[in-house]
Amino acid sequence: MDFSTLNTNQLKAVMFNNGPALIIAGAGSGKTKTLVYRVARLIDDGISPNSILLLSFTRKAANEILTRASKLSNPKCQYVSGGTFHSFCHSLIKRFHHLINYSNSFSIFDRSESEDLINLIRKDYVSSTIDLPNKSTLSNLLSHCFNTESSLESYLIDNYPQFVNAIELITTIFNQYKIRKMELSVFDYDDLLSFSKLLLTHKEVQDFVQNSYRYVMIDEYQDTNNIQADIVSNLLTKEQNIMAVGDDCQSIYSFRGANISHILNFSEQFKNTTIIKLEQNYRSVQPILDLSNEVIKFHSSAISKSLYSDFKSTQKPFYIESKNEWDQAKFIVQKIQDLLIQGTSLSDIAVLMRSSWHSNDLEIELKKSDIPFIKVGGSKFIEASHIKDIMAYFKIISNSKDIISWSRVLMLIEGVGPKTVSELLNIIPNLNNQSINQLLNKYKSKKFFSELNKLFTFFNNSIKSPASVTELFEKVFDLNLPYFEKKYDDYLKRSLDLNNLKTIASRYTLLEDFITELTLDPIDSLSTNPNDNSVLTLTTIHSAKGLEWNTVFIISIIDGYLPSSKSFDNNEKEQEELRLLYVAITRAKLNLFIFKPQQTKSFSSSTNSMTTQHSRFLMEDKTLNLMETSFIEEDYQTGLLELNSSFETYPKLNFDQLSNSTKPSTSIKYNL
DNA sequence: GTAGCGGTGCTTTTT
DNA sequence: GCACCGCTAC
Ligand SMILES: Nc1ncnc2c1ncn2[C@@H]1O[C@H](COP(=O)(O)OP(=O)(O)OP(=O)(O)O)[C@@H](O)[C@H]1O
């Protein structure tokens with residue numbers, strides 16, 4: 001193997017053998033690269049791939065590390081066990097389900113299914129005297145308390161005082177929910193963690209994992225929560241071969257319990273820890289790092305380390321104000337077209353945002369200009385109503401007790417509403433051949449009988465005689481088609497998605513794998529034009545974690561968006577928003593553009609706009625001086641948008657500097 | 001009991 | 001843009 005592209009400390013980490021190690025380092029310092037090399041090096045030294053466990057924050061990230069390691073040394077790297085905490089926990093439960101009294105045919109509820117089950121239970125407890133939180137708040141409450149290991153009461157008092165008097169009802173609903181999940185053979189995301197934690201208290205399970213995995217590696221350790229950290233510590237053999245990699249400045253998942261104490265107290269938890277620090281950034285040009293260094297100085301706890309790089313540039317990051325989000329969108333499209341003319345590939349460009357919907361206007365402009373893009377973060381492909389419809393059929397076949405999927409499918413039938421569904425759901429979890437006939441007899445006289453009969457016959461046959469996933473897809477598609485066309489006015493547009501789902505389904509031989517993989521690793525959304533191999537990336541900052549692009553546009557940086565208004569009056573949350581900005585800035589290698597529209601629409605439908613304020617993180621002169629500030633204006637002769645220095649709030653820039661960098665066709669020069 | 005209409009109210013981040 | 005609620009007509 002060739003280690004010449006590693007620096008001294010990276011090499012030290014790559015060559016590290018036994019015992020606990022913590023690699024703590026700033027953005028772009030090569031943490032992920034180090035993991036890639038360590039995997040490759042271990043395999044090269046003859047360690048069996050089965051004895052290495054690599055946990056990362058998405059399956060894609062884990063697979064990418066293994067693919068890169070394979071190319072570096074030995075294709076065997078592909079066989080290293082890699083995945084997310086949740087996917088690892090799923091495999092553990094798959095193997096040891098009997099120890100926790102679950103059958104083998106359990107299923108996993110995603111957030112929306114779990115909300116639906118909670119809602120079903122909630123309906124029994126709505127009263128005229130006490131107000132209950134809605135299903136999504138209930139689900140958030142439950143998950144928050146689980147992941148942060150905090151008490152419901154204190155969380156309610158601080159965040160939802162209006163529901164404090166409903167605490168007993170809420171607790172009852174949660175208990176019912178737990179019972180119902182067991183009856184239905186279902187786990188939600190949090191259950192995967194909690195049952196795994198429980199399983200690891202069994203000697204049998206402990207022996208199994210400890211005999212299986214000698215080396216455990218975890219990427220992005222700053223975003224690990226207490227339960228996950230607990231699971232990790234129970235995986236290790238006596239040698240304690242754990243290598244955790246992380247950056248406390250980039251902790252952005254505290255809303256699901258992640259906390260940096262696991263990094264900070266690592267060497268207390270694991271005696272004889274070797275700490276390796278990586279200092280140099282190999283990603284960004286220095287002016288971008290100057291900005292990120294300045295921004296993170298506002299972090300209240302002293303976690304900042306100063307990033308430096310050998311990549312010089314005279315170009316400061318841009319801070320660009322626009323009239324509104326539409327101008328922001330049009331300018332970005334124009335800028336991208338310029339970059340394309342200069343030979344840039346779309347895959348080297350990304351647009352980052354705090355919340356997924358911030359790119360609504362931009363998406364419209366991109367479509368107008370035929371610029372292909374993928375959207376990462378926000379609502380997922382499988383969350384679309386018409387996709388959930390189809391998946392519900394599959395889920396019933398895979399776990400016939402799944403009443404949430406039953407309910408979804410039954411509601412498709414014309415003439416069947418909540419009352420009929422609820423009647424049917426009482427019987428469905430314990431169906432057998434006899435009771436099916438009894439059940440159907442009851443509805444013989446109804447108009448919808450033939451439809452109901454058709455569905456039950458289909459499910460009965462499909463459960464008995466398994467077909468290939470592709471075959472099954474065809475059948476489900478045909479069965480669902482009349483409902484689909486009736487339910488959605490825009491079914492033509494939506495049928496493209498069904499085709500895509502079919503392609504995805506055809507990659508699987510086992511129905512169960514198809515369903516669980518989509519649940520554990522939800523596909524974000526598909527490219528607007530899947531045939532283009534080079535597409536622009538639109539992503540939430542959260543989903544941009546660990547990634548990098550030559551050119552990065554960060555859009556709609558206004559107070560209330562970043563930091564999100566939900567973080568106001570809460571220092572902890574506000575600090576996390578600051579770290580988000582830090583993560584966003586440090587994704588850029590060469591060009592960074594930060595946008596601030598002066599007006600935003602309050603709602604996408606509404607016509608009234610609101611005047612915006614500068615993000616509180618980008619207010620200080622010291623910060624602003626590290627950027628090139630300007631304003632987007634339209635040239636009435638050419639119709640092109642151009643940057644201008646007519647700023648009122650901010651110091652004007654010197655004119656030479658501006659005219660050089662603002663004309664859309666002028667390329668930016670770097671001294672790399 | 002169900003379907004469909006219009007009005008209202010609100011949008012973080014993810015496995 | 002979308003989910004949720006209440007109302008009304010079948
Ligand atoms: N020693 C090195 N020499 C040259 N380039 C390097 C070196 N180490 C890392 N790089 C490059 O620096 C970039 C950032 O590396 P990497 O993604 O591994 O950083 P990271 O620490 O994981 O970043 P983040 O904290 O943002 O996830 C990559 O393009 C990588 O190839």
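Computed from a predicted structure; not experimentally measured. Residue numbers start from 1 in every chain, and the chains themselves are labelled A, B, ... in the order their sequence lines are given, proteins ahead of strands.
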* Asked: Can A:Thr612 and A:Lys596 be counted as having a side-chain donor-acceptor contact under 3.5 angstrom?
  -> yes

Heavy atoms under 4.0 Å, any strand shown: does [X] hit a base, just sugar-phosphate, or nothing?
X        : result
A:Thr519 : nothing
A:Phe57  : sugar-phosphate
A:Lys447 : nothing
A:Glu414 : sugar-phosphate
A:Ser543 : sugar-phosphate
A:Ser565 : nothing
A:Lys566 : base
A:Ser567 : nothing

Whole-Å distance between [N] [atom2] and [X] [atom1]?
X        : N      : atom1 : atom2 : value
A:Leu132 : C:dC4  : CG    : P     : 15 Å
A:Phe146 : B:dT14 : CZ    : C1'   : 15 Å
A:Tyr189 : B:dT13 : OH    : P     : 15 Å
A:Asp490 : C:dG1  : CG    : C1'   : 12 Å
A:Arg408 : C:dA3  : CZ    : C1'   : 13 Å
A:Lys486 : B:dT2  : NZ    : P     : 14 Å

* Asked: Are any of the side-chain nitrogens in A:Arg507 or A:Glu517 under 4.0 Å away from the carboxylate oxygens of its partner?
  -> no

* Asked: Under a 4.0 Å N-O cut-off, is there an ion pair linking A:Asp389 with A:Arg408?
  -> yes

* To do: Among A:Glu572, A:Arg579, A:Glu576, find the one that has a side chain to side chain donor-acceptor pair (under 3.5 Å) with A:Ser254.
  => A:Glu576

Expected list for residues 446-455 of chain A: side-chain donor-acceptor pairs under 3.5 angstrom, two or more places apart:
unit_1: A:Glu451; atom_1: OE1; unit_2: A:Tyr483; atom_2: OH; d: 2.5

Does [N] have OP1 or OP2 under 4.0 Å away from a side-chain N or O of [X]?
X        : N      : result
A:Thr540 : B:dT14 : yes
A:Lys545 : B:dT14 : no
A:Lys380 : B:dT15 : yes

* A:Phe85 over B:dT15, stacked by centroid distance under 5.5 Å, angle under 30° -> no

